[in-house]
Student: 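Let me begin by handing over the structure; questions about it come next.
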Amino acid sequence: MGSVFCCPNSCLRQIMDKNNLPKFSVLPKHVGIIMDGNGRWAKQRNLPRYKGHIEGAKTFRKIGEFAADVGVKCLTFYAFSTENWKRPQEEVNAIMELFREYLTEADERSAENEEKGITLKFIGDKSGIPEDIVGLMNHIEQISSDKSKVVLNIAINYGGRHEIANAVRTIAEKVKYGEMEVSDIDEDTISDYLYTKGMPDPDLIIRPSGECRLSNFLTYQSAYSELWFSDVLWPDFTEEDFVKALREFENRNRRFGGV
Ligand code: FPP
């Protein structure tokens with residue numbers, strides 16, 4: 001049976017399972033997370049912005065692991081958007097270096113991920129990303145098992161509108177070459193040409209740092225997502241914050257346009 005504990009910060013009484021992890025009556029099948037606030041976290045400490053990204057990458061590892069442990073089966077982290085290339089070159093380079101480090105580590109730990117049933121996937125436009133990073137991404141996707149229990153997507157050079165435009169272009173080509181009828185195109189057809197093909201739409205999207213917008217994240221897929229915002233900056237985001245979002249999700253009344 002579960003035990004009850006008191007969260008140090010929120011003092012929410014939590015029902016825990018035998019592994020001392022919180023239990024939920026309903027869990028989102030897919031959670032999207034916009035990792036925002038790294039720059040402000042660094043600024044508050046008079047540090048260069050890239051230091052905030054270093055801390056943000058630590059939080060990414062911590063929350064990714066925790067989410068999988070509590071039973072979320074699909075997670076998508078927004079790590080770098082198609083618009084983020086506009087940032088100073090030094091900052092872009094620092095973020096790319098963090099990807100390099102993480103991907104190298106993920107490659108070294110692939111057996112561990114396989115054992116835990118975690119598959120890493122990358123969503124976004126791989127063109128434009130440094131070649132060695134794309135090589136690592138492709139290699140990791142190739143060695144990842146298909147029998148995974150948890151899919152961990154990292155969105156790199158991702159833009160929701162860009163993704164939809166690509167899907168429309170591919171579908172238009174199929175029609176042009178007689179491989180598809182215009183009358184066959186429905187909402188599912190478009191989903192099938194997105195990076196997230198075969199995955200559930202995100203039930204819950206979390207954005208820390210006080211901004212209340214989606215910023216081109218999972219634009220098509222988020223039509224019925226529950227949104228959860230918090231003022232906490234991403235490097236300070238804890239497992240407890242994640243639990244708070246899941247608790248609120250448990251109590252949301254989802255109607256999908258019905259009554
Ligand atoms: C947004 O915060 C954050 C980013 C554009 C980069 C996010 C990248 C990481 C957390 C590193 C991820 C690493 C791996 C290994 C996946 P911001 O810089 O816009 O923050 P601000 O709004 O406070 O300026």
Side-chain angles (χ1 to χ4, degrees), residues 31-68 74-110 112-113 118-126 128-130 132-141 144 150-160 162 195 205-218 229-239 241-242:
V31 178
I33 303 185
I34 302 175
M35 302 186 282
D36 193 18
N38 298 343
R40 275 163 285 168
W41 183 93
K43 194 169 176 214
Q44 282 173 0
R45 289 160 180 78
N46 286 321
L47 294 169
R49 292 178 57 83
Y50 79 88
K51 294 269 190 192
H53 298 311
I54 293 177
E55 288 310 304
K58 290 183 195 161
T59 307
F60 154 77
R61 286 174 172 84
K62 176 180 75 182
I63 298 300
E65 212 159 288
F66 181 71
C74 184
L75 285 154
T76 302
F77 286 88
Y78 203 7
F80 196 84
S81 75
T82 44
E83 290 73 37
N84 286 152
W85 299 106
K86 291 184 229 156
R87 294 183 175 222
Q89 193 59 44
E90 192 194 24
E91 182 174 343
V92 170
N93 290 346
I95 296 174
M96 293 298 145
E97 191 51 38
L98 286 172
F99 294 153
R100 237 175 235 116
E101 275 171 24
Y102 177 72
L103 294 167
T104 309
E105 176 192 309
D107 184 22
E108 285 162 8
R109 292 174 60 179
S110 58
E112 203 179 301
N113 277 344
I118 298 176
T119 291
L120 271 180
K121 287 191 191 288
F122 304 96
I123 66 168
D125 184 352
K126 285 181 180 158
I129 301 174
D132 64 312
I133 296 184
V134 175
L136 280 165
M137 287 157 79
N138 290 340
H139 170 68
I140 287 169
E141 283 179 329
S144 283
V150 179
V151 175
L152 178 61
N153 294 312
I154 307 179
I156 302 180
N157 198 20
Y158 174 87
H162 184 79
Y195 297 118
I205 295 183
I206 294 174
R207 181 170 193 158
S209 95
E211 312 289 359
C212 299
R213 54 177 173 262
L214 289 179
S215 301
N216 210 8
F217 182 52
L218 301 177
F229 301 108
S230 149
D231 286 336
V232 175
L233 302 177
W234 177 247
D236 291 328
F237 198 87
T238 63
E239 289 95 337
D241 294 312
F242 189 73

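Any value given below was found using the heavy atoms of this structure, including those in side chains, with hydrogens, waters and symmetry copies removed. Counting convention: from 1, in listed order, for ligands and their atoms alike. Position 1 is the first residue of the sequence; numbering continues from there.
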Student: At a heavy-atom distance under 4.0 Å, which protein residues reach ligand 1? Sort them by chain and number, would you?
Tutor: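 The answer is Met35, Asp36, Gly37, Asn38, Gly39, Arg40, Arg49, His53, Gly56, Ala57, Phe60, Ala79, Asn84, Arg87, Ile95, Leu98, Phe99, Tyr102, counting any residue whose heavy atom sits under 4.0 Å from ligand 1.
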
Student: Tell me, please, which residues at least two apart from Trp41 pass ring-ring contact (aromatic ring centres under 6.0 Å, His included).
Tutor: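 If we apply the ring-ring contact (aromatic ring centres under 6.0 Å, His included) test to Trp41, skipping adjacent residues, there are no hits.
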
Student: Could I get the full list of ring-ring contact (aromatic ring centres under 6.0 Å, His included) partners for Tyr195, not counting sequence neighbours?
Tutor: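 So Tyr195 forms no ring-ring contact (aromatic ring centres under 6.0 Å, His included) with any residue.
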
Student: Show, in sequence, the C-alpha distance, side-chain angles and deciding distance for Val92 and Asn84, and conclude whether the side-chain contact (heavy atoms from CB on, under 4.5 Å) test is met.
Tutor: CA-CA 8 Å; Val92 170; Asn84 286 152; over 6 Å; no

Student: Relative to the ring of Tyr78, is the ring of Tyr158 parallel (under 30°), tilted (30 to 60°) or perpendicular (over 60°)?
Tutor: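 Plane angle over 60°, so perpendicular.
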
Student: Can you tell me how far CD of Glu91 sits from CH2 of Trp85, rounded to the nearest 0.5 angstrom?
Tutor: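 Trp85 CH2 to Glu91 CD: 12.5 Å, rounded to 0.5 Å.
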
Student: What residues form a ring-ring contact (aromatic ring centres under 6.0 Å, His included) with Phe229, not counting sequence neighbours?
Tutor: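 Residues passing ring-ring contact (aromatic ring centres under 6.0 Å, His included) with Phe229: none at all.
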
